[in-house]
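Keep in mind that this is a model prediction, so the values were computed, not measured. Proteins get letters first, then strands, A, B, ... in listed order; numbering begins at 1 in each.
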Amino acid sequence: MSKKVILSCVALAAAAVAVPFYLEGFWLQAGLFAMSAAIGAIGINLLTGATGQLSMGHAFFLAVGAYAYVYFGSEPEGGAHALGGLGLPTPVAALLAVLTAGVAGGVFSPIAGRLKGAYLGIATLALIFVGQHVLFNAEPVTGGYNGRTVPPMELFGFAFADTPELVVARVPFGSLERLWFLGLVLLTGAALFARGVLRGRPGRAMNTIRDHEIAAGVMGVPVARYRAGVFVLSSMYGGLAGVLIALVFQRTVPDYFGLLLSLDYLAMIIIGGLGSVAGAVIGAIFISMLPQLLSRYSDALPLVAEPGSGGVSPAEAARILYGAAVVVIVLFLPGGLLGLAGRLRPAVARLTPASARRARATSATSATSATSATSATSATTKPPLSPSPSPSPDTRNR
Amino acid sequence: SEKATGGGAAPSAVGGDGVKTGPGVTADKITIGLMTDLTGPYASFGKSLTQAQQLYFEQTNAAGGVCGRQLEALVRDHGYDAQKAVAAYTEIAPKVVAIAHFVGSPMVNALKQRIEADQMLTIPQAWATGLLGSKSIQVTGTTYDIDMINGVDFLAKEKGIKSGDKIGHLYFEGDYGESALNGSKYASQKLGLTLVEQKIKATDQDMSAQVAAFKAEGVKAVLVSVGPRQTASLVGVSLAKGMDVPFVGSNSAYSPQLLPTPAGPALLKDFYYMTAGTPISADMPAMKKLAADYAAKYPDTAIDSGVPSGYSAAAIVVDALKKACEGKDLTRGAVVAAHRGQSSWGAEFGTVMDFTTFDKPASLLSYVAKPDKAALGGAVVFKEAATSDLAKEYQVPVG
Amino acid sequence: MDVHDPRPPGDSGLVVRDLAVSYGPVLALRGVSLDVPRGSVVAVLGGNGAGKSTLLRAVSGTLRFHRGGITAGEVGFGGTRLSGAATSAVVARGVVQVPEGRRVFARMTVEENLRAGALGAPDRRSAAEARESVLALFPVLAERAGQRAGLLSGGEQQMLAIGRALMAGPRMLLLDEPTLGLAPMMAARIADTVREINARGTTVLLVEQNAAMALSLASHAYVLEVGEVVLSGPAAELAASDEVRRRYLGIEDPVPVVPGAAGSPVAARPALARWSA
Amino acid sequence: MITFLELLVNGISVGAVYALIALGFVIIFKATEVVNFAHASLLLVGGFVVARLHPSVGFWTALLLGVAGAAVVGALIEFLIIRRANVASHSVLAIVTIGVDIVLTTELTRQIGTDVLALGDPWRDRVLHLGAVSVAQTRVVALAVAAALIAAFLLAFKYTNWGIAMRATAEDAETAALMGVRRGRVSMGAWAVAGALAAVAALFLCVFPTPGLDRSTTFAAMKAFPAAILGGLDSTTGALAGGLIIGVTEAMMSGYQNDLAFLGRGIGDVAPFLVMIVVLLIRPAGLFGTRELARV
Amino acid sequence: MSDTYQPDGTDTSIPRLDVRDVTVRFAGLTALDAVGFSVEPGSVHAVIGPNGAGKSTCFNVLSGVYRATSGSVRFGDAELTSLAPHRIAALGVARTFQNIALSPRLSVRDNLMLGRHRLTRAGFVSAGLRLPSARREAAAHGERVTEIAAFVGLSERLATPVGLLPYGVQKRVELARALCMEPRLLLLDEPVAGMNGGERRDMAGLIVAVRESLGISILLVEHDMGIVMRLADAVTVLDFGRRIADGPPGEVQNDPEVVRAYLGAAAEGTPAKDTLVEDALPRSTEQAEQTENAGKTTTRDTAGKDEEVAS
Ligand SMILES: Nc1ncnc2c1ncn2[C@@H]1O[C@H](COP(=O)(O)OP(=O)(O)OP(=O)(O)O)[C@@H](O)[C@H]1O
Ligand SMILES: Nc1ncnc2c1ncn2[C@@H]1O[C@H](COP(=O)(O)OP(=O)(O)OP(=O)(O)O)[C@@H](O)[C@H]1O
Ligand SMILES: [Mg+2]
Ligand SMILES: [Mg+2]
């Protein structure tokens, strides 16, 4: 079993590494968008999925991350539109940007710690609107409506940019190819960290705050502080996603970090699966790839009309599909796509003899648990009428 | 590997006809990208642009194409979303030689560096000064600030605004409004006017509060650099509340779709807008032909300012291609260079443009147009294109 | 051990025949038959998870709220079929349930909770009458009329839940563990109440953990275990049965049974030392 | 002073429209505990029907049909989606309504296309002069309608069986069913009512001083969010108060933006959200909302 | 980022709990009115009273869920009335809830591990990075959880999501979770409500065993007089928020005021006209005797203080 997991991990890693050697820029960029989205989605899943705190302001923290990186990493510019900058080494700028996003989350913590549910959700809307206002008005830092050029990341003298030119295995390595690897590393790190948090002491506390706030407090969890803490953590994930997306864009523009982006993130975790790392990643891939694929293959899709020809355009089709996916998944797949995967897995596993043995073993334990459940109430042990309720796929922390 | 890359130096080759080719050009085909908005806030504009350009390419193809090659448009709809625009650009960049129109200045801004690196001749359909200063990006006609300067000049000359008067300026947050504001600030300072600013966001619909503020200040005229909806509200409320002053808008402030709304009468009364692009109702052969051809090809669609705008933008790109063909080089760099070699382009479309410098607007000439129910495109030329003296002295901020 | 009830099917009281219920894959009731003749009090006993609440849900038609459903058999009342009917239709026939765990409308006031109960009443006048008798029965509800129900104490909520059901003027009352969490005196009061409303002609099906009380109230009782009726008969007979005394009245066998199981007797419990770290 | 009064009257008049929209949120929230992000698309539905039909059937009939149409769409959303979604958390349902909103808005804006549709109302662009202050007639009507509707719903929630049934269902559908409440009917009714209200709000949103219905009409719904929250999501009174507060704040901030330039121009749009944050810091359940109850 | 507040879980001395003049008022209602009592270290103290008397409110004050309007609660040196719930938990005060308050989707083990929250310190950073310290901590506390689960009889259920367990078992998980906090004071709110005779017997035995093995103070709210009489060393009786009696169970049981307010006629031994009380109460007394025997059989080998368990 574990051998299989390792093997599939290795295969996955190999595939991920091979991608830049075979796929063109469009795909690399789409992949990078998905990676950035996945990082951000993991963050909001920690907050909304695992802790039950609805946030509609995630895009704000992406903005903070992106702009802070630019500000910390750029040299100041004079001229008609004077732009500030600290000119720090870019890795330091990236780190500081993530921290800044965390601080921004922390500043919001009096709200984040006190509110919940719909009230918090709508309160966080304020972040979007205030954020946009600041992005447009704090020109010396943000460049206003023009946005700012993003300095390419440079790690130990290696630039994640198109220049200097680099050819690996006869494939020209431009910024997208290089960033691909950076994205992979960041995403893997972010995912492992979140998994650790969810499976560890903080994760349990978060889940209990979601399920029963008072009980959490009485069990020793400082509820408001934890709420605020998770908010900060999720902001930092947003910040990291912002840094990555800025590197891919090469330029930050304020319009991008609007309400729609926030809603996208909510859709991601619903579609992927609430409360888990894998769910966030699956949802992020789905949501960020769907419009691009539809647009790219619009000519080949029967339903979708050519742009400009009337009828449902690819962008419209993508939006309708996306909205419908949210609805359909909640109606028919309560665990999200991840839950679906979880449900399919036993079916697939049954095909292989090794896992068949395992399946039998689990059904045996469930039978015993059913037996003991009944013996708790009746002295004479009767055979169970039915298999005990199979645990609903626990999608909490995969 | 045969992997195509978007960025960096694009591969080039020499074809059988001795013409050097690059991305988007094959032996018999030239592909031109259209980065448009068909689903977002500028959908109507995007649709007109796209259709007009497709019309132009068809006509060119019918006349033998360019450099022995047929033109083909590759259309991508970004729905006014920066990420989709970046994604779409990355997708089409290796496949096209130029971008005949690109809707949305935030999107063009986001891609500025790449467009420059790719030497992709791009015609944005926005007129903010922030888009100037890039060799590959060609802003057509005037920028918003020039229009506003010419507009203030028009107010002074024809509407009796004089030194000491207050005028209002209602503008959008963002590069459009703020470019325009630069112009109005400059002009009112030059003429000794006091400028009353009111900044709004695109989500604002009701201009009552702004009208109240203008009224309180006693403005004698109002400049308008917002969307058509806001214009309608502003003009309608002003009139209803007895603030009967002239209004002068930027070219994006007006849309003929407003005429049937309750604000229609107010718009017809004392509203003008400044534009470098000739209204399609203008009495010019090129416009008449375009109107006829367009109506023939797309009988069910209304004609708005996107039609002449898109059509002439397509002509700019095709002319650049033709010039590049003369030099037997259809690589992108050569196309941009050929384009930048033209100093007086487009007399047949109205205003003449100079493409040789790229840190100045291609023209300083603005028409004063006026809404008109009966006219094609909902507007007529009120005053022929002219450059005010103010505009000539004005230093356009770049970038 | 199945002491089957020899009586003929109830005279148009509640009739349950060969009922099977499942929650998805989980079969919660199988082949359950039961009669509650009109005007009687019938008790259902059984351990946790035996299916008692499931039985009441099947009668009231609320299984779908738990993703469950009737897979076989039927439920009838007063000669008409209840199985398959909507919950509101069941209430309209006069079959009203006090659900397990109180379930008061926490954000509504006590008064509004009672009014919610009256939604199922046949007419205004009977609702007004019911209100009076409910407030006489539980004076604390009158005192707290304006308080939000969620803030009542556990026992007060239980009273409210019962009072709310009585507001509908039921012909038949289904009570799911009505004395849960009630003080002894209040439990006694509930028992009196049950007797009283029964005397006024309401048929009662009573599910109780407090077997002593249930058997004292009921004329007839059924014992459910693991989804099946394992025992039934006149209440007095059951109360005298060793089996029932041992299992449900807490009267213990001298010898502990089934060591090591979850319900393990105390002797099997491993010792727990203090934690030191 | 005149300016102040003018702005105040303006603010109140805009606030009335926000209040109407907020009332829609409140009703759905009370009936299902869901924040209905699809309300914006219901606005579009209502407005669209009125705009398309008024030339052929006249304004009042068109309005009636618009109200009915939006009510039907609201009921359908409930029937097809909300009722069937078996989720633990109301936040998830809220996100579902975002999905619904995206689908509906995309399709409707496609239908509306590039037009600005007039609603053909009888008030046109007439204004009412109150001394030196003038206010659009449409807005006076809006204020009256909002106040009347809000009072009506306040009473209905408190005193009618419908209100009791609705709140009971929202809190615990199963137990409400045990009280004989026809859950489907009640929550469908709420959605239909919210739809109808959305159509009424759309009317006032799209008539003078705004030019008409177009794809950007939905933005206005965004501003009703702070209004609803600030008043308290489950309070009809709150909807009115919140709407007025937001309207006045916005008008004042815009009108005096020259004096407030240090905050950055265009603060008028942000101010409602700032006010909302401040209120929530002091009263986490809004001004009139009931605090979440929890006891163990 | 990590939890800056580090409780001291090492203090294992069992202090006395002193409740003095605690008053709790809600809008227009006095739920507790100058109530006072003391819980001696290591004893089982019961709080009884009619529904709505203020028993749960008292627990809520002790655990910091409610803030007292006035009065003081001292636990050793600490004044509890001014502390937030998590700070009180940090002092070793654990409780169970009248209505089950577990995370239904989490496994039993995870629910129990939550009880270790106050004793562990892994914060976001160390858990996220899976630092050796966090892993060591998880392992060590995991073992103790296994031990406690075995003690409570949950060994086989550790992996099961709590929501799938029968009610009685969930009640036991509640108790186990409280035990996992290594409490010095354990508050049990109606631990046997909703259970049948056999289960009540078990739970009572469990409580006795806890007290025997850990020697901690236990404060108990229960309506089952059999259980109270058998388990408690001292009883406080509340009525309408006021203390109406306090003392050893035997004494309290016969207090006329208590009989009037809480127990009802039957307890006086007068022949009741009420068959229910006749039926119910004698039986629960009988049951109490039975459970007491059960408790004795277990604790005989440990140095039990059975003599003190008055009846
Ligand atoms: N919603 C549900 N989904 C799946 N299984 C369920 C559900 N509700 C109950 N069950 C199962 O059905 C069986 C009967 O449950 P039920 O609640 O009817 O028991 P009960 O006799 O009322 O128990 P208690 O005394 O604890 O109230 C149990 O095994 C239980 O686990
Ligand atoms: N948060 C609150 N707001 C208002 N009143 C409250 C609140 N909490 C409790 N009460 C009231 O205080 C009184 C005491 O309640 P409490 O829960 O302490 O009773 P109890 O003794 O535990 O009763 P039971 O045995 O029924 O559980 C009750 O009348 C209840 O309505
Ligand atoms: Mg039950
Ligand atoms: Mg209590």
Report task. Check step by step if salt bridge (Lys or Arg N to Asp or Glu O under 4.0 Å) holds for D:K158 and C:E112. Result -> CA-CA 9 Å; D:K158 267 228 150 73; C:E112 287 166 341; 5.8 Å; no
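- When every heavy atom of D:I164 is checked against every heavy atom of C:R115, the shortest pair comes out as CG1-NH2, 3.5 Å.
- Smallest separation of non-hydrogen atoms from D:A177 and C:T87: O-CG2, 3.2 Å.
- Counting all heavy atoms, side chain and backbone alike, D:D172 lies closest to C:F105 at O-CE2, 3.8 Å.
- Nearest heavy-atom pair, C:V96 versus D:L178, reported as atom, atom and distance to 0.1 Å: CG1-O, 4.3 Å.
- For CZ of C:R103, the number of neighbouring non-hydrogen atoms (other residues, nucleotides, ligands) closer than 6.0 Å is greater than 12.
- Only the backbone of C:V104 comes within contact range of chain D, with heavy atoms under 4.5 Å apart.
- D:A170 does not touch chain C: none of its heavy atoms, backbone or side chain, sits under 4.5 Å away.
- Heavy atoms from other residues, nucleotides or ligands lying under 6.0 Å from CZ of C:R131 number 12 at most.
- Separating the CG atom in C:L119 from the CZ atom in D:R182 is a distance of 11.0 Å, to the nearest 0.5 Å.
- Salt-bridge annotation for D:E33 and C:R107: present, with a side-chain N of the basic residue lying under 4.0 Å from a carboxylate O of the acidic one.
- The environment of C:E129 atom CD is dense: over 12 non-hydrogen atoms of other residues, nucleotides or ligands sit within 6.0 angstrom.
- When C:M167, C:R57, C:Q97 are compared by the number of non-hydrogen pairs under 4.5 Å with chain D, C:Q97 comes out ahead.
- Nearest heavy-atom pair across D:M179 and C:A116 is CB-O, 3.4 Å.
- Between C:S88 and D:G180 the shortest heavy-atom distance is CB-O, 3.5 Å.
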